[in-house]
J.: 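My questions all concern the structure below.
The structure displayed is predicted, hence computed values, not measured ones.
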Amino acid sequence: AYASAAAEFGNAAEEARGIHDDEKAAAMHANESASHLLDGDADAALGAADECVRTRPDWHKGHFRRAEAFAAMSELARARRSYAEALAILEGGGSDE
């Protein structure tokens, strides 16, 4: 179920990107990342999180999703850095939606 949800979120992200709606595209990539992680695919989760961060680097959720993927891969130093980046964005007044 999560794999099909990830695919749907990925398609929605591409559609949003096609109409230049970066905010929606980033949100869809974040959801895609979470779905991949729930499906047990940390590599795909990281790829979707990276797309989220590339699309909207000032949004904490993309960095949080990267951290979750790194943690699932036992890449704890990288996870800590990504969690710290998400927190810095929140504390610095970045987008908290």
Side-chain angles (χ1 to χ4, degrees):
Y2 294 117
S4 63
E8 290 296 322
F9 285 126
N11 291 336
E14 292 309 311
E15 288 176 18
R17 185 169 296 207
I19 60 171
H20 306 289
D21 188 343
D22 287 347
E23 193 168 303
K24 183 176 181 181
M28 295 301 101
H29 282 305
N31 291 341
E32 176 188 11
S33 177
S35 295
H36 282 304
L37 201 55
L38 288 168
D39 194 44
D41 190 345
D43 290 327
L46 180 59
D50 286 343
E51 282 300 315
C52 181
V53 170
R54 273 193 286 280
T55 303
R56 195 171 167 202
D58 64 338
W59 190 37
H60 73 283
K61 192 166 281 186
H63 298 278
F64 176 79
R65 296 288 189 225
R66 286 184 88 225
E68 292 288 288
F70 283 134
M73 300 163 79
S74 297
E75 296 272 351
L76 301 183
R78 295 173 86 182
R80 277 191 290 277
R81 283 193 298 272
S82 292
Y83 283 128
E85 182 64 30
L87 184 58
I89 290 168
L90 283 172
E91 289 176 341
S95 179
D96 60 356
E97 294 178 17

J.: Are any of the side-chain heavy atoms of Phe70 and Leu46 separated by less than 4.5 Å?
T.: yes
J.: Which value, rounded to the nearest 0.5 Å, describes the distance between Arg56 atom CZ and Ile89 atom CD1?
T.: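 The distance works out to 10.0 Å.
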J.: Locate the shortest heavy-atom distance separating Ala45 from Leu37; write the atom from each residue and the value.
T.: CB-N, 3.8 Å
J.: With rounding to the nearest 0.5 Å, note down the distance linking NZ in Lys61 to CG in Asn31.
T.: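 Separation between the atoms: 7.0 Å.
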J.: Test your reading of the model: is there a side-chain donor-acceptor pair from Arg65 to the backbone of Ala30, 3.5 Å cut-off?
T.: yes
J.: Side chain of His29, backbone of Gly62: donor and acceptor closer than 3.5 Å?
T.: no
J.: With rounding to the nearest 0.5 angstrom, report the CD to CD1 distance, Glu14 to Ile19.
T.: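 So the gap between those two atoms works out to 12.0 Å.
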J.: Once you round to the nearest 0.5 Å, how far does OG of Ser35 lie from CG of Asp41?
T.: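 Result: 11.5 Å between the selected atoms.
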J.: If you measure from the Lys or Arg side-chain nitrogens to the Asp or Glu carboxylate oxygens, is any gap between Arg54 and Glu51 under 4.0 Å?
T.: yes
J.: Are the side chains of Met73 and Asp43 in touch, meaning some heavy atoms are under 4.5 Å apart?
T.: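 Yes, side chains in contact.
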J.: Please report the interatomic distance CG(Leu87) to NE2(His60), rounded to the nearest 0.5 Å.
T.: 10.0 Å
J.: Taking all non-hydrogen atoms of both residues into account, name the closest pair between Glu32 and Ala6 and its distance.
T.: CG-O, 3.5 Å
J.: Restricting to non-hydrogen atoms, name the atom on Ala71 and the atom on Tyr83 that form the minimum distance, rounded to 0.1 Å.
T.: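 Scanning both residues, the minimum pair turns out to be CB-OH, 4.3 Å.
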J.: Between Asp22 and Arg17, is there a salt bridge with N-O shorter than 4.0 Å?
T.: no
J.: Mark yes or no for whether Ser82, through its side chain, and Ala79, through its backbone, hold a donor-acceptor pair below 3.5 Å.
T.: no
J.: Out of curiosity, Met28 CE to Glu8 CD, how far, rounded to the nearest 0.5 Å?
T.: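 CD of Glu8 is found 11.5 Å from CE of Met28.
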